[in-house]
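All residue numbers refer to positions in the sequence shown, counting from 1.
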Amino acid sequence: MAPSAARSRFVLLALFGMLVFTFLLFGGHGSSADGLSSRSQAVLNNEGSSGVSSGAVLTGHAIAPKLGNATAKAELGRAAWKVLHTTFARFPEKPTPEEKEALRSYVHLFQRLYPCGECAEHFGKVLAKYPPQVSSRSAAAMWGCMVHNIVNKRLQKPQFNCEDIGDAYDCGCGDDDKKEKDAAPA
């Protein structure tokens, strides 16, 4: 197998693993009335055997070690930004309190579990200074663009025009909303 194919599979596997973990933590089976699984509820209520509080779960140190392969790191970064920006673009314009907390937690867990530990530590510092904005789709998208520009500045990469962030990370799913509106009875 070619090295670039192996790197691509690594990136996809890492992103898939993060998504599965997020699903298991926030979705999954055995949900309580507030939408949290019994395991998630135990973690948030500090009932787990680890004795870790929910704050430490969301804001602790990066878990992964340093990722030394620069090519893999760059591919992972591009894929991660695609996932994050697409997530922000699909977030509700008027989210419920639970949806706001889900996105806030997702961003913090994404940072902690990011496969490049060095990158995760840097992003953790950005999150500490600029917490995720989750009041609306627009707020989340603009916040995502702002923190992406902070990271790009540190890496000496070009800055995005945040007014065009929707075009730069178009998931191709914008027609879904239009189809739903067109199909709705008048």
Ignoring hydrogens and angles, tell me if any N or O in the side chain of [X] forms a donor-acceptor pair with the backbone of [Y] under 3.5 Å.
X: Trp81; Y: Gly144; result: no
X: Glu118; Y: Lys66; result: no
X: Gln133; Y: Pro131; result: yes
X: Trp143; Y: Phe88; result: no
X: Gln111; Y: Ala120; result: yes

Inter-residue atom distance Glu99.CD - Lys94.NZ, 0.5 Å rounding: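 Between atom CD of Glu99 and atom NZ of Lys94 there are 13.0 Å.
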Of all the heavy-atom pairs spanning [X] and [Y], show the shortest one and how long it is.
X: Ile150; Y: Val126; result: CG2-CG2, 3.8 Å
X: Leu76; Y: Cys116; result: CD2-N, 4.2 Å
X: Ser138; Y: Glu93; result: OG-OE1, 3.2 Å

Any side-chain heavy-atom pair from [X] and [Y] closer than 4.5 angstrom?
X: Leu127; Y: Val147; value: no
X: Leu84; Y: Tyr106; value: yes
X: Pro95; Y: Leu103; value: no
X: Arg112; Y: His61; value: yes

Cut-off 3.5 Å, no hydrogens considered: what does the side-chain donor-acceptor table look like for residues 158-166, sequence neighbours left out?
from, atom 1, to, atom 2, distance (Å)
Gln159, NE2, Asn149, O, 3.3
Asn161, OD1, Glu163, N, 3.0
Asn161, ND2, Asp164, OD2, 3.4

Geometric class of the Tyr114/Phe110 ring pair [parallel <30°, tilted 30-60°, perpendicular >60°]: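 Plane angle between 30° and 60°, so tilted.
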Trace of the side chain to side chain contact (heavy atoms under 4.5 Å, CB included) decision for Arg104 with His108: CA-CA 6 Å; Arg104 182 180 296 108; His108 282 284; 4.1 Å; yes
Selection residues 123-132 - residue pairs positive for salt bridge (Lys or Arg N to Asp or Glu O under 4.0 Å), sequence neighbours left out: none
